[in-house]
Amino acid sequence: MPIALEDGFYQTHDLAEVGCLGIETGRLNECIARIRDHRITGVFGSPSFGFTGSDLDFLAEMPWVEAVWFWDVNLKNIDGLYALQDLRHFGVHPKRPAIDFSRFPKLRKAVIELKEKDRVLSCLNELELLHIWHYRPKDHSFASLALPKSLTELQINWANPASLESLPAHTGLRRLEIHRCRNLEDLGDLGRKFPSLDHLVIDACVRVQPSEGERVIRDLPMLAHAYVQNVKLV
């Protein structure tokens, strides 16, 4: 995600599918003017690039924005997000209030750490990519993780369940990646749950044996790429 100064503003072209400009708290009005004048459709913010705010109220002044990404932040108010009726790409680190994702019906990609009071993602009919970080439910299960039918890619990082058997079935899912889940040892019946899977990666999950990967890929005839614990199986 290269970020560089361009015309005096932090910008990146790799964070989302659109060009993004960095919001600097000390130059907020200048940033808003630049976004407005150039009709920029992506914004990001991090203390490393000058954003130290605790709210996203400024987003109400740029309702055409389609992509937001804020990290290493401590947000007290995220109501400005709800002004973004065309939001398609979302990423905000977890120090934030709960979010009602049902208010972003056009969302296509989300990288999130879910909070208990977040409104469900399952109603998002256009969501294609979902990356979840630090998923640690009290019951050590994926049973409460509701996936929208439109989803084609799911990535889970740092989750506490020991098995993928509790993941809800999804016949349209094509890409599944599981990273750094130290309790995980059982991959469950992936063939039954995800018959369309063509990409499978299980990485840095120290309890998963290569033999477990060999077991599940026999029931996944659509696989074009499979990598389990440092072993390329397909």
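What you see below is based on every heavy atom in this structure, not just the backbone, and it leaves out hydrogens, waters and symmetry mates.
In the hydrophobic clustering (ILVMFWY side chains linked at under 4.5 Å, chained through shared members), Y227 is joined by V201.
Among all heavy-atom pairs drawn from S122 and A146, the shortest one is CB-CB, 3.7 Å. S102 and R119 get closest at one heavy-atom pair: OG-NH2, 4.4 Å. Heavy atoms only, all atoms of each residue included: A159 and P161 are closest at C-CD, 3.5 Å. Between R27 and G8, the shortest heavy-atom distance links the atoms NH1-O, 2.9 Å. Nearest approach of K115 to R96, heavy atoms of both residues: CE-O, 3.0 Å. Here the closest heavy-atom approach between residue P195 and residue T171 is recorded as CD-CA, 3.9 Å.
The OG atom of S163 lies 8.5 Å from the CD atom of E185; values are rounded to the nearest 0.5 Å. In this structure, OG on S144 lies 9.5 Å from CD on E116, to the nearest 0.5 angstrom. To the nearest 0.5 Å, the span separating SG on C31 from CG on L21 amounts to 5.5 Å. Going from atom CG of D186 over to atom OG of S166 covers 9.5 Å, rounded to the nearest 0.5 Å. To the nearest 0.5 angstrom, T41 atom OG1 is 11.5 Å from M62 atom CE. Separating the CG atom in N183 from the CH2 atom in W158 is a distance of 14.5 Å, to the nearest 0.5 Å.
Between L121 and I112 the shortest side-chain heavy-atom distance falls below 4.5 Å. The shortest side-chain heavy-atom distance between I32 and I35 does not fall under the 4.5 Å cut-off. You'll find the side chain of D86 stays beyond 4.5 Å of the side chain of L84, heavy atoms only. Residues L184 and R207 form no side-chain contact, since every pair of their non-hydrogen atoms from C-beta on lies 4.5 Å or further apart. In this structure, V73 and P47 have side chains that are in contact, with non-hydrogen atoms separated by less than 4.5 Å.
In this structure, F9 has no ring pair (Phe, Tyr, Trp, His ring centres under 6.0 Å) partners at least two apart in sequence or on a different chain. With sequence neighbours excluded, the residues that form a side-chain contact (heavy atoms from CB on, under 4.5 Å) with T52 are T25. Among residues two or more places apart in sequence or in another chain, the salt bridge (charged side-chain N to carboxylate O under 4.0 Å, His left out) test is passed with D55 by none. For D198, the side-chain contact (heavy atoms from CB on, under 4.5 Å) partners two or more places apart in sequence, or in a different chain, are R174, R175. Applying the salt bridge (charged side-chain N to carboxylate O under 4.0 Å, His left out) criterion to K109, with sequence neighbours excluded, gives E17.
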Determine, step by step, whether L154 and I156 satisfy the side-chain contact (heavy atoms from CB on, under 4.5 Å) criterion, reporting the C-alpha distance in whole Å, the side-chain angles of both residues, the deciding distance to 0.1 Å, and the verdict.
-> CA-CA 7 Å; L154 174 64; I156 297 173; 4.1 Å; yes

Would D189 and R215 count as a salt bridge (Lys or Arg N to Asp or Glu O under 4.0 Å) if you check the C-alpha gap in whole Å, the side-chain angles of each, and the deciding distance to 0.1 Å?
-> CA-CA 9 Å; D189 189 353; R215 177 187 68 80; 6.0 Å; no

Going through the checks in order, is the side-chain contact (heavy atoms from CB on, under 4.5 Å) test met by V111 and F90?
-> CA-CA 6 Å; V111 180; F90 172 89; over 6 Å; no

Taking distance alone, no hydrogens or angles, what donor-acceptor pairs closer than 3.5 Å link side-chain atoms of residues 123-134 to residues at least two apart or in another chain?
residue : atom : partner : partner atom : Å
E128    : OE1  : R108    : NH2          : 3.2
H131    : NE2  : E153    : OE2          : 2.9
H134    : ND1  : R136    : NH2          : 3.4

Would you give me the side-chain donor-acceptor pairs under 3.5 Å for residues 74-83, sequence neighbours excluded?
residue : atom : partner : partner atom : Å
N77     : OD1  : D79     : N            : 2.8
Y82     : OH   : D100    : N            : 3.0

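Distance alone, capped at 3.5 Å, is enough to place a donor-acceptor pair between the T12 side chain and the P2 backbone. Between the side chain of H170 and the main chain of P148, a donor-acceptor pair closer than 3.5 Å is present.
The cluster map of Ile, Leu, Val, Met, Phe, Trp and Tyr, joined by side-chain heavy atoms under 4.5 Å apart, puts F194 and L233 in the same cluster. Under the 4.5 Å side-chain heavy-atom criterion for grouping Ile, Leu, Val, Met, Phe, Trp and Tyr, V234 is connected to L220 within one hydrophobic cluster. I40 and W69 are not part of a single hydrophobic cluster, where members link through side-chain heavy atoms under 4.5 Å apart. In terms of hydrophobic clustering, with Ile, Leu, Val, Met, Phe, Trp and Tyr side chains grouped at heavy-atom distances under 4.5 Å, L176 and V231 are assigned to a common cluster. Cluster membership for I178 and Y135, using ILVMFWY side-chain heavy atoms within less than 4.5 angstrom, is shared.
E177 and H179 are linked by a side-chain donor-acceptor pair at a separation below 3.5 angstrom, with hydrogens and angles left out of the test. Side chain to side chain, N157 and Q155 meet the donor-acceptor criterion of an N or O pair below 3.5 Å. A donor-acceptor pair shorter than 3.5 Å cannot be found between the side chains of Y10 and S46.
Among residue pairs with one or both ends in residues 61-75, those qualifying as salt bridge (Lys or Arg N to Asp or Glu O under 4.0 Å) are E66-R88; sequence neighbours excluded. Annotation: salt bridge (Lys or Arg N to Asp or Glu O under 4.0 Å) contacts involving residues 33-51, sequence neighbours excluded, comprise D7-R34. Evaluation of the salt bridge (Lys or Arg N to Asp or Glu O under 4.0 Å) test over residues 159-171, restricted to residues two or more places apart or in two chains, returns E165-R192. Sorted by first then second residue, the salt bridge (Lys or Arg N to Asp or Glu O under 4.0 Å) pairs that include residues 224-233, not counting sequence neighbours, number zero.
Under the 30°/60° scheme for interplanar angles, the aromatic rings of W71 and F44 are found to lie parallel. Using cut-offs of 30° and 60° for the angle between ring planes, the F70 and F58 rings count as tilted.
Ion pairing between a basic and an acidic side chain is recognised when a charged N comes within 4.0 Å of a carboxylate O; D219 and K193 show no such pairing.
By the 6.0 Å contact criterion, NZ on K149 is open, its count of non-hydrogen atoms from other residues, nucleotides or ligands being 12 or less.
In summary, of the residues considered (V216, L173, L167), a side chain to side chain contact (heavy atoms under 4.5 Å, CB included) with L190 occurs for V216 alone.
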